[in-house]
Amino acid sequence: MDSLETELERARALDESELADAIETIGFECTRCGACCKAESACGEDGASTDEAGGTTDGASENDEADTEPHTATVFPDEIRQLQAAGEYDFRDVARPMPYGLADGPDGPEGETFEWALQTDDCGDCTFYAEDDDGMGACTVHGDRPLICRTYPFSVALGGTSQPMGETVDEEGMVQAHECEGLGRDISRTDAEDLAAALKERAVRELEEAIGVRDNYRPVDASPGQVVVHDSEGAKRPDGSPYE
Ligand code: SF4
Ligand code: SF4
């Protein structure tokens with residue numbers, strides 16, 4: 001893979017109009033199915049909602065193990081602060097340590113990990129997800145939602161960027177599309193341009209964050225039972241306070 005700095009230069013040089021062209025070609029309109037905000041199986045039910053986002057895939061969500069996966073979306077330190085300010089939330093109301101890399105200790109997860117994920121509820125859904133009486137999904141922090149949510153179901157094909165949960169199901173130039181039942185629908189040029197601008201902003205921010213994580217990484221001697229999260233601001237405890 002090219003260096004993160006090289007990928008960052010490529011992200012900064014992305015042509016928004018070309019990204020918008022690709023988004024228009026792929027097509028997208030959100031149906032508010034909620035699949036990108038929820039765990040991969042319905043809470044307390046028989047998994048009837050499991051395939052909501054699976055129509056365009058080769059059936060990855062049919063895997064039983066995947067069905068138990070909670071919602072996992074990367075959220076950056078400043079995005080966590082923005083979400084906290086939006087609702088006077090505590091840090092842990094908004095974010096949890098990214099689970100990848102953590103070990104199963106006797107009292108729960110332990111070890112070191114990188115970055116944060118949006119907090120989930122008891123069902124494994126994003127803590128900010130709500131459904132109205134008609135089953136339509138809604139984001140309770142819509143105006144403050146992180147870039148990965150603002151740009152779903154799209155990402156750019158650059159190394160070092162974080163990818164959303166859904167499998168990649170389509171690709172056009174630098175734009176990748178992830179599983180979503182709204183793909184293939186007509187999108188206005190204005191909406192495609194707005195998405196393209198957010199997509200470029202996200203790619204730049206993700207690479208700046210990845211460089212910050214790398215440059216600020218200091219190995220820590222985590223005690224048994226502890227979780228340490230490394231983000232672009234250094235090592236932190238699960239409540240967001242600095243480690244040490
Ligand atoms: S972006 Fe796609 S997966 Fe997410 S709620 Fe909209 S239609 Fe569903
Ligand atoms: S913050 Fe909003 S858009 Fe993002 S996963 Fe949660 S409910 Fe969905």
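Side chains included, hydrogens not; waters and symmetry mates left out as well; all remaining heavy atoms used. One-based numbering, in listed order, for ligands and for the atoms of each.
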*Can an N, O or S atom be found in C180 less than 2.8 Å away from atom 8 (Fe) of ligand 1?*
no
_Y129: numbered ligand 2 atoms lying under 4.0 Å from its heavy atoms_ = 7 (S)
*Taking side chain as C-beta onward, heavy atoms only, is K236 less than 4.5 Å from Y243?*
no
*Which of the numbered atoms in ligand 2 are below 4.0 angstrom from a heavy atom of C149?*
1 (S), 3 (S), 4 (Fe), 5 (S)
*To which protein heavy atom is atom 8 (Fe) of ligand 2 closest, and what is the distance rounded to 0.1 Å?*
C37 SG, 2.3 Å
*Of all the atoms in ligand 1, which lie at a distance below 4.0 Å from a heavy atom belonging to C36?*
1 (S), 3 (S), 4 (Fe), 5 (S)
*asked:* Would you say that more than 12 heavy atoms from the other residues, nucleotides or ligands in this model lie under 6.0 Å from the CG of D132, or not?
replied: yes
*Taking 2.8 Å as the cut-off, does an N/O/S atom of C30 lie below it from atom 4 (Fe) of ligand 1?*
no
*asked:* With no hydrogens and no angle check, just 3.5 Å: does a side-chain donor-acceptor pair link H230 and E112?
replied: yes
Give the table of side-chain donor-acceptor pairs shorter than 3.5 Å for residues 11-19, with sequence neighbours excluded, one pair per line with atom names and distance.
| from | atom 1 | to | atom 2 | distance (Å) |
| --- | --- | --- | --- | --- |
| R12 | NH2 | E208 | OE2 | 3.0 |
| D15 | OD1 | S17 | N | 2.8 |
| D15 | OD1 | E18 | N | 3.3 |

_Looking at ligand 2, is there an atom of it that comes within less than 4.0 Å of some heavy atom belonging to H71?_
yes
*Under 4.0 Å from any heavy atom of F128, which atoms of ligand 2 are there?*
7 (S)
*Under 4.0 Å from any heavy atom of G34, which atoms of ligand 1 are there?*
5 (S), 8 (Fe)
*Do R185 and F28 touch side chain to side chain, with heavy atoms closer than 4.5 Å?*
no
*Under 4.0 Å from any heavy atom of C126, which atoms of ligand 2 are there?*
1 (S), 5 (S), 6 (Fe), 7 (S)
*Identify, with sequence neighbours excluded, every residue that meets side-chain hydrogen bond (donor to acceptor under 3.5 Å, both in side chains) alongside R150.*
none
*May I ask you to decide if S241's main-chain N or O and D239's side chain share a donor-acceptor pair within less than 3.5 Å?*
yes
_Considering non-hydrogen atoms of the protein only, which is the closest contact for atom 2 (Fe) of ligand 2, and what is the distance?_
C139 SG, 2.3 Å
*Which atoms from ligand 1 have a heavy atom of T31 less than 4.0 Å away?*
6 (Fe), 7 (S)
*Indicate, with yes or no, if the rings of F114 and Y100 have centres closer together than 6.0 Å.*
no
